[in-house]
Amino acid sequence: MRLNIIVLAKQVPDTRCVGQATMRADGTIDREALPVIINPDDMKALEQALRLKELHPESTIQVLTMGPSRAADVVRESLFRGADGGYLLSDNAFRGADTLATSYALATAIGKMGEYDIILCGRQTIDGETAQVGSQVAERLGIPQVTYAEEILHVREGHLTLKRHIDGGTEIVEVPLPLLVTVDSSAASCRPRHAKLLMTHKHTDIMAWNATDIKADITQCGIVGSPTRVKDIETIVPTKKESRVIGSSDEEIENLMVELFG
Ligand SMILES: Cc1cc2nc3c(=O)[nH]c(=O)nc-3n(C[C@H](O)[C@H](O)[C@H](O)COP(=O)(O)OP(=O)(O)OC[C@H]3O[C@@H](n4cnc5c(N)ncnc54)[C@H](O)[C@@H]3O)c2cc1C
């Protein structure tokens, strides 16, 4: 069976490196001062795609990323691990996109990429952290979505079966193709780069598309197409110690209940 798989992956600042030196006076992060990585959940989505390809070797994996020109590395890093190709969506018109405008650009580009069976993305990013983009892309494409996926089990007779992470356990669901899956952080980590693929692709040109290439409606892109407005940013400095150790005696628990709930 040949599956056309698309992985959505975003380049994000490595938030583990956020410190005093990377914060601006207004409370925003100086993104240029931080190293960039592929969003961790998106790496897990790529791993699920690679495992599917191992089960169905005729399949193809295309990676799509929207970002500045340096985000081409997202596609290249995916090629080093076994993806077949990918596209960088980059244009000044896409700058300042909120989730609505991001999902519009991604869904429009997917329309240009052609036939697909499975779209895999991360559950959420470590910078925007909204966990909205995957669901919005599915909605725009009019296909079913499964969120919090932990492991894709198999694809049979036009249906994909997967395990999803839910509170207190997991559940197995079966969904018809085509569909979009958001992969949870509890999924397996992505494999490392493959040395041979690294040598093959280290100078590979990554196909870049701009707004004209995907025939995007400019009024739905970037800051113009983003209804989100940041009204205020506040730095919250805790004034009291936020944790306390209490004993397990009835009296101490009773006192805590009174303190919390009156
Ligand atoms: C209030 C607010 C203000 C913001 N202000 C700014 C700002 O000033 N500057 C700025 O740069 N950003 C800003 N953002 C972030 C911007 O909206 C997001 O970068 C973008 O819309 C994607 O949302 P997300 O990062 O929350 O993705 P999520 O919804 O958490 O992502 C889910 C998944 O969708 C896929 N995905 C998401 N984005 C992409 C992408 N670009 N390419 C490919 N796949 C993708 C990935 O698979 C990802 O794991 C802001 C966000 C909010 C909520």
Side-chain angles (χ1 to χ4, degrees), residues 5-15 24 26-34 36-49 61-75 77-78 83 86-110 113 116 118-141 145-149 180-187 190 206 208-211 214 216 220-234:
I5 306 167
I6 295 176
V7 177
L8 303 181
K10 182 186 181 188
Q11 193 176 59
V12 292
D14 190 344
T15 48
R24 296 200 190 99
D26 64 0
T28 59
I29 294 169
D30 179 4
R31 286 173 176 249
E32 300 302 315
L34 286 169
V36 286
I37 54 171
I38 301 179
N39 183 54
D41 282 2
D42 306 356
M43 291 295 282
K44 297 190 169 195
L46 176 63
E47 177 61 25
Q48 292 301 312
I61 301 173
Q62 299 290 330
V63 177
L64 175 63
T65 187
M66 183 176 95
S69 53
R70 66 178 178 176
D73 282 345
V74 169
V75 179
E77 284 292 334
S78 306
Y87 300 87
L88 165 69
L89 210 49
S90 197
D91 195 311
N92 272 339
F94 299 137
R95 286 173 78 112
D98 67 4
T99 58
L100 199 70
T102 300
S103 63
Y104 170 74
L106 293 174
T108 308
I110 290 169
M113 288 168 76
Y116 56 82
I118 302 164
I119 301 172
L120 287 160
C121 58
R123 183 179 76 85
Q124 78 172 37
T125 62
I126 57 168
D127 60 344
E129 281 193 322
T130 63
Q132 292 173 1
V133 170
S135 299
Q136 290 180 1
V137 169
E139 192 67 22
R140 287 184 182 279
L141 296 171
Q145 57 178 292
V146 183
T147 52
Y148 298 94
L180 182 143
V181 176
T182 77
V183 177
D184 191 60
S185 57
S186 58
C190 191
I206 306 303
W209 282 341
N210 60 25
I214 60 168
Q220 295 191 60
C221 296
I223 193 108
V224 183
S226 297
T228 308
R229 295 286 171 270
V230 180
K231 219 173 139 207
D232 193 17
I233 295 172
E234 202 179 330

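Ligands are counted one by one from 1 in listed order, and the atoms in each one are counted from 1 as well. Please read all numbers here as calculations on a predicted model, not as lab measurements. Just so you know, these numbers use all the heavy atoms, side chains as well, and skip hydrogens, waters and symmetry mates.
The protein reaches atom 22 (C) of ligand 1 closely, with a heavy atom under 4.0 angstrom from it. There is no protein heavy atom closer than 4.0 angstrom to atom 8 (O) of ligand 1. Closer than 4.0 Å to atom 46 (C) of ligand 1 lies at least one heavy atom of the protein. In this structure, atom 13 (C) of ligand 1 is not in close contact with the protein, since no protein heavy atom lies within 4.0 Å of it. Atom 34 (O) of ligand 1 lies below 4.0 Å from at least one non-hydrogen atom of the protein. Counting protein heavy atoms under 4.0 angstrom from atom 41 (N) of ligand 1 gives one or more.
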Test I37 against V12 for side-chain contact (heavy atoms from CB on, under 4.5 Å), laying out the working first. CA-CA 6 Å; I37 54 171; V12 292; 3.8 Å; yes

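No N or O atom of L64 sits closer than 3.5 Å to an N or O atom of ligand 1. Residue-to-ligand polar distances keep L106 apart from ligand 1: every N/O pair is separated by 3.5 Å or more. For ligand 1, the polar-atom distance check finds no N/O of R123 at less than 3.5 Å from any of the ligand's N/O atoms.
Atom 16 (C) of ligand 1 has A97 O, 3.4 Å as its closest protein atom, hydrogens excluded (heavy atom only). Atom 48 (C) of ligand 1 has its closest protein heavy atom at D42 OD1, 3.4 Å. Scanning the protein for heavy atoms near atom 11 (O) of ligand 1, the closest one is R31 CZ, 3.8 Å. Nearest to atom 36 (N) of ligand 1 among the protein's heavy atoms is V133 CG1, 3.8 Å. Here the heavy atom of the protein found nearest to atom 19 (O) of ligand 1 is K10 NZ, 2.5 Å.
When each atom of ligand 1 is checked for a heavy atom of Q124 under 4.0 Å away, the hits are 30 (O), 32 (C), 49 (O). The ligand atoms of ligand 1 that sit less than 4.0 angstrom from a heavy atom of T99 are 17 (O), 21 (O), 23 (O). Counting the atoms of ligand 1 from 1 in the order shown, those under 4.0 Å from a heavy atom of G128 are 24 (P), 25 (O), 26 (O). Here is the list of ligand 1 atoms found below 4.0 Å of a heavy atom in G122: 32 (C), 33 (C), 47 (O), 48 (C), 49 (O). Interface atoms of ligand 1 facing C121, defined by a heavy-atom separation under 4.0 Å, are 47 (O). Which parts of ligand 1 touch N39 is read off a 4.0 Å heavy-atom cut-off, strictly below it: atoms 49 (O). Close approach of ligand 1 to D127 is summarised as follows: ligand atoms under 4.0 Å from at least one heavy atom of the residue are 25 (O). Near L8, meaning under 4.0 Å from one of its heavy atoms, ligand 1 places the atoms 44 (N), 46 (C), 47 (O).
Other residues, nucleotides and ligands contribute over 12 non-hydrogen atoms within 6.0 Å of the OH atom of Y116. Enclosure of atom CZ in R95 is not indicated, since only 12 or fewer non-hydrogen atoms of other residues, nucleotides or ligands lie within 6.0 angstrom.
Nearest-residue assignment for atom 24 (P) of ligand 1 (options T125, V63, L120, D41; heavy-atom criterion): T125. Closest heavy-atom approach to atom 26 (O) of ligand 1 within the set L46, T130, V230, D98: this belongs to T130.
Applying the salt bridge (charged side-chain N to carboxylate O under 4.0 Å, His left out) criterion to D184, with sequence neighbours excluded, gives R123. Every residue meeting the salt bridge (charged side-chain N to carboxylate O under 4.0 Å, His left out) condition with K10, not counting sequence neighbours, appears here in chain and number order: D127.
At a 4.0 Å heavy-atom cut-off, ligand 1 does not touch V137 at all. Under 4.0 Å from ligand 1, the heavy atoms of T228 that appear belong solely to its side chain. The proximity of A9 to ligand 1, defined as any non-hydrogen pair under 4.0 Å, is limited to the backbone. At a heavy-atom distance under 4.0 Å, only side-chain atoms of T102, from C-beta outward, approach ligand 1. Counting heavy atoms closer than 4.0 Å to ligand 1, residue S226 contributes nothing at all.
Heavy atoms of Q136 come nearer than 4.0 angstrom to ligand 1 in no pair at all.
Annotation: the span from L89 atom CG to D91 atom CG amounts to 8.0 Å, rounded to 0.5 Å.
Heavy-atom minimum distance, T65 versus Q11: OG1-N, 4.2 Å.
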